[in-house]
Protein chains: 2
Amino acid sequence: MPRPRQALLTRQRIIDTAAELIDTEGLDAVSTRRLAAQLGVRGPSLYNHFPNKDAILDAVADEITADVDIGCFATHEWPDALRVWGRSYRAALAAHPHIVPHLARGPGRRPRALAMADAVYGGLVRAGWPPARATHIGALMRYLVAGSALGSFARGFASDPAIYISSDYPHLGQAHRLAAHQHEVDEGAFELGLEAVIRGLQITYEEVVGGAHHRPHGTESSAPTRR
Amino acid sequence: MPRPRQALLTRQRIIDTAAELIDTEGLDAVSTRRLAAQLGVRGPSLYNHFPNKDAILDAVADEITADVDIGCFATHEWPDALRVWGRSYRAALAAHPHIVPHLARGPGRRPRALAMADAVYGGLVRAGWPPARATHIGALMRYLVAGSALGSFARGFASDPAIYISSDYPHLGQAHRLAAHQHEVDEGAFELGLEAVIRGLQITYEEVVGGAHHRPHGTESSAPTRR
DNA sequence: GCGAATAAACTAACGGTGGTAGTTTTAGTC
DNA sequence: GACTAAAACTACCACCGTTAGTTTATTCGC
């Protein structure tokens with residue numbers, strides 16, 4: 001009916017309900033009408049609180065980013081900070097895999113996503129990494145995290161054994177069992193990648209930064225040029 | 001118009017036109033009616049050739065997978081094979097970034113994607129990697145490639161400088177310039193990650209496989225536990 | 001305290017979406 | 001030459017995001 005005595009909707013209530021709907025039924029299940037129905041309301045009412053549907057999804061995405069640990073860059077050496085951040089970043093996204101495609105488009109204007117980028121970049125530069133490299137490392141970690149949270153690698157394989165019988169796939173005889181080991185495969189692959197990347201970066205760090213943490217500035221452009 | 005003397009549609013023509021539409025206008029622009037219009041036809045006619053829209057997108061995704069070099073696993077040592085495969089995999093996806101979210105859900109039943117998984121897994125196992133590790137490496141590479149092709153890291157930052165002025169983001173003063181260096185940043189981050197991963201894996205390889213390529217089985221659990 | 005402005009719900013509607021049913025005509029097969 | 005299958009069509013269906021305009025309650029300025 002018309003304006004109620006007590007407001008039925010809050011930004012926060014909309015965000016929470018949307019997140020719940022996304023988690024339980026997937027991104028496609030979130031229509032303005034369905035979300036509104038879940039809230040006991042009528043669709044267009046959402047537009048009193050958000051300019052459009054995308055803004056709702058943005059708010060959900062930013063909410064999720066709040067669970068990521070970025071304090072570690074102030075308290076740990078950079079390799080450990082990358083480890084802690086990377087794991088909490090992945091855990092936050094993997095808990096809500098259905099919005100990862102939306103989230104992975106970048107921080108955009110989401111304040112918490114920007115704060116995360118700021119902490120990572122700042123921490124790496126403070127540790128002595130050249131700015132362009134710090135950018136690369138941040139990007140690379142996002143690749144790993146988003147790629148791993150985007151969709152389960154293991155679940156991507158159909159669990160119907162018949163598919164893999166074809167002689168075209170001589171090595172996939174056991175692939176139908178992957179889905180059952182989803183968690184182990186995805187987690188294990190991420191950990192393997194995280195450790196490999198950090199180990200590889202430590203070698204690069206020695207080469208590039210060497211022993212001196214405070215390098216004379218001006219030798220490395222802040223604009224990420226490479227030619 | 002009833003059945004024409006010469007068929008207006010072909011599976012291949014639909015795939016090609018859909019790919020073109022995706023590349024030029026994005027995934028959202030692909031509706032059955034728009035795609036049909038581009039083909040000089042009326043929407044429902046597509047359903048004579050594909051069971052639903054998703055099958056069309058699947059076919060486009062598989063077409064793109066055809067450009068990936070998987071022969072390298074037969075001709076190169078595993079570290080070089082990973083390099084060649086990874087680069088061509090990423091190049092194929094980055095050429096069509098708009099379908100990556102669709103593609104990244106896994107091989108499903110797409111034959112070329114399955115053939116790729118088969119070649120990678122087979123190649124790594126033949127090189128001496130334990131099966132569980134081979135699975136992890138394949139997953140890990142997909143994370144890196146899909147994460148990097150999914151959406152440009154650099155383009156994810158708004159190019160409006162005003163956003164980054166806030167004192168909440170003390171290190172992002174130059175972030176608005178990222179978009180201009182998109183290609184360099186994305187490419188550089190991927191290369192950094194690829195090399196770091198391979199270097200890290202080579203260390204693991206020495207530890208796990210050692211000099212002997214044929215290790216007695218049973219010493220390595222298939223579950224990648226770390227505690 | 002009162003009038004004006006704002007806020008928060010609603011109904012109705014627009015154009016677009018994926019998909020289905022049923023029709024017509026052609027092409028190919030026994 | 002009769003039958004079947006294929007490939008286009010028209011006409012829908014229910015749903016989608018969004019806008020416009022309405023109604024009523026609250027809040028703010030004087």
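The structure displayed is predicted, hence computed values, not measured ones. Quick note on labels: first sequence line is chain A, next is B, and so on, each numbered from 1.
Judged by distance alone, the side chains of B:E20 and B:Q38 never bring a donor and an acceptor atom under 3.5 Å apart. Judged by distance alone, the side chains of B:Y89 and B:D67 never bring a donor and an acceptor atom under 3.5 Å apart.
For the pair B:I56 CD1 and C:dG18 P, the interatomic distance rounds to 9 Å; values are reported in whole Å.
The A:L8 side chain lies nearest to C:dA9 when the options are C:dA9, C:dA13, D:dA8.
The side chain to side chain contact (heavy atoms under 4.5 Å, CB included) with B:C72 is formed by just one residue from the set B:I70, B:V68, B:D69; it is B:D69. Checked against A:D58 for a side-chain hydrogen bond (donor to acceptor under 3.5 Å, both in side chains), the options A:R109, A:H102, A:K53 give a single hit: A:H102.
In the region residues 41-52 of chain B, proximity to DNA chain D at under 4.0 angstrom, judged on heavy atoms, holds for B:V41, B:R42, B:P44, B:S45, B:N48, B:H49. DNA chain D is contacted by no residue of residues 13-30 of chain B, taking any non-hydrogen atom closer than 4.0 Å.
Between B:E184 and B:R177 no salt bridge is recorded (no basic side-chain N to carboxylate O distance below 4.0 Å).
Judged by distance alone, with hydrogens and angles left aside, A:R33 brings a side-chain donor or acceptor within reach of the base of D:dG17, the pair sitting under 3.5 Å.
Residue contacts for A:S31: at a heavy-atom cut-off of 4.0 Å it reaches the sugar-phosphate backbone alone, with no base atom in range.
Applying the side-chain contact (heavy atoms from CB on, under 4.5 Å) test to B:P131 and every residue at least two apart in sequence or in another chain returns B:Y121.
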